[in-house]
**Q** 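Below is one structure. I have some questions about it.
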Amino acid sequence: QVQLVESGGGLVQAGGSLRLSCAASGRTLSSYVLGWFRQSPGKERDFVAAISWSGVSTTYADSVKGRFTISRDNAENTVSLQMNSLKPDDTAIYYCAAAIGTRLRVGVHLPTDYGSWGQGTQVTVSS
């Protein structure tokens, strides 16, 4: 399995931006689909975005489309999430995850599709 560590979370005002990063160790990320999920207290873990191994294909939750951008650098073994125009509803713990495979598949938005997870990073957006 690949080990994942997120960074870049913090407190930001509504309308601001944050960039989350996730570094991998243990295995190269080039054969993994990578995703970002988020979870608020008392709620389920929700899909945010995913990216194929090549970086060519991406998919986003409707709630973040047009505001968030997922990207990856296979040479550096990292995946990032650029978050712009943040809203208080974006407040959550953000997790990066890795799923074995190269292409985005039907279940890419399901947490059960991913075998490796980071520990999470807190994002708080104040109004």
**Q** Could you tell me whether the side chain of Glu6 and the main chain of Gln119 form a donor-acceptor pair under 3.5 Å?
**A** yes
**Q** Within a 6.0 Å radius of atom NZ on Lys43, are there more than 12 heavy atoms belonging to other residues, nucleotides or ligands?
**A** no
**Q** Quick one: does Arg19's side chain get under 4.5 Å of Leu81's, heavy atoms only?
**A** no
**Q** Find the distance between CG (Leu11) and OG (Ser126) and round it off to the nearest 0.5 Å.
**A** 5.0 Å
**Q** In Å, rounded to the nearest 0.5 Å, how long is the span from CG of Leu86 to OG1 of Thr91?
**A** 8.5 Å
**Q** Looking at Tyr95, is Arg45 sitting on its ring face, NZ or CZ under 6.0 Å from the six-membered ring centre and within 45 degrees of the normal?
**A** yes
**Q** Hey, mind stepping through Ser21 and Thr78 against side-chain contact (heavy atoms from CB on, under 4.5 Å) and telling me if it holds?
**A** CA-CA 7 Å; Ser21 295; Thr78 59; 5.9 Å; no
**Q** Do Tyr60 and Phe47 have ring centres separated by under 6.0 Å?
**A** no
**Q** Within this structure, what is the CZ-SG distance for the pair Phe37 and Cys96, rounded to the nearest 0.5 Å?
**A** 11.0 Å
**Q** Decide whether Trp36 and Leu104 are clustered together by the hydrophobic rule: side chain heavy atoms of Ile, Leu, Val, Met, Phe, Trp, Tyr closer than 4.5 Å, transitively.
**A** no
**Q** So, Ser17 versus Asn84: side-chain donor-acceptor pair below 3.5 Å or not?
**A** yes
**Q** Please say yes or no: joined through hydrophobic side-chain contacts below 4.5 Å, possibly via intermediate residues, are Val48 and Val33 part of one cluster?
**A** no
**Q** Compare all side-chain heavy atoms of Val125 with those of Pro88 and state whether any distance is below 4.5 angstrom.
**A** yes
**Q** Taking all non-hydrogen atoms of both residues into account, name the closest pair between Val2 and Ser25 and its distance.
**A** CG2-O, 3.4 Å
**Q** Can you check whether Leu110's main-chain N or O pairs, donor with acceptor, with Asp113's side chain at less than 3.5 Å?
**A** no
**Q** Counting heavy atoms not belonging to Arg105, are there more than 12 under 6.0 Å from its CZ?
**A** yes
**Q** Run the salt bridge (Lys or Arg N to Asp or Glu O under 4.0 Å) test on Lys87 and Asp90 for me, step by step, so that the C-alpha distance in whole Å, both residues' side-chain angles and the decisive distance to 0.1 Å come before the verdict.
**A** CA-CA 5 Å; Lys87 306 174 182 179; Asp90 295 319; over 6 Å; no
**Q** Mind checking the CD1-CD spacing from Ile93 to Gln122? Nearest 0.5 Å is all I need.
**A** 5.0 Å
**Q** Sub-3.5 Å donor-acceptor pair from the side chain of Arg72 to the main-chain atoms of Ser52, do we have one?
**A** yes
**Q** For the atom pair OG1 (Thr59) and CD1 (Ile51), what is the distance rounded to the nearest 0.5 Å?
**A** 11.0 Å
**Q** Give the ring-plane orientation class for Phe68 versus Tyr94, where under 30° counts as parallel, over 60° as perpendicular and anything between as tilted.
**A** tilted
**Q** Ignoring hydrogens and angles, tell me if any N or O in the side chain of Asp73 forms a donor-acceptor pair with the backbone of Glu76 under 3.5 Å.
**A** yes
**Q** Report yes or no: does Thr121 contribute a side-chain atom to a donor-acceptor pair with the main-chain N or O of Gly9 at less than 3.5 Å?
**A** yes
**Q** Distance check, rounded to the nearest 0.5 Å: Ser63 atom OG versus Asp46 atom CG?
**A** 7.5 Å
**Q** Linking I/L/V/M/F/W/Y whenever any side-chain heavy atoms sit under 4.5 Å apart, do Trp117 and Val79 land together?
**A** no
**Q** Any donor-acceptor pair under 3.5 Å linking the side chain of Tyr114 with the backbone of Val108?
**A** yes
**Q** Mind checking whether Trp53 and Ser31 have side chains closer than 4.5 Å, heavy atoms only?
**A** no
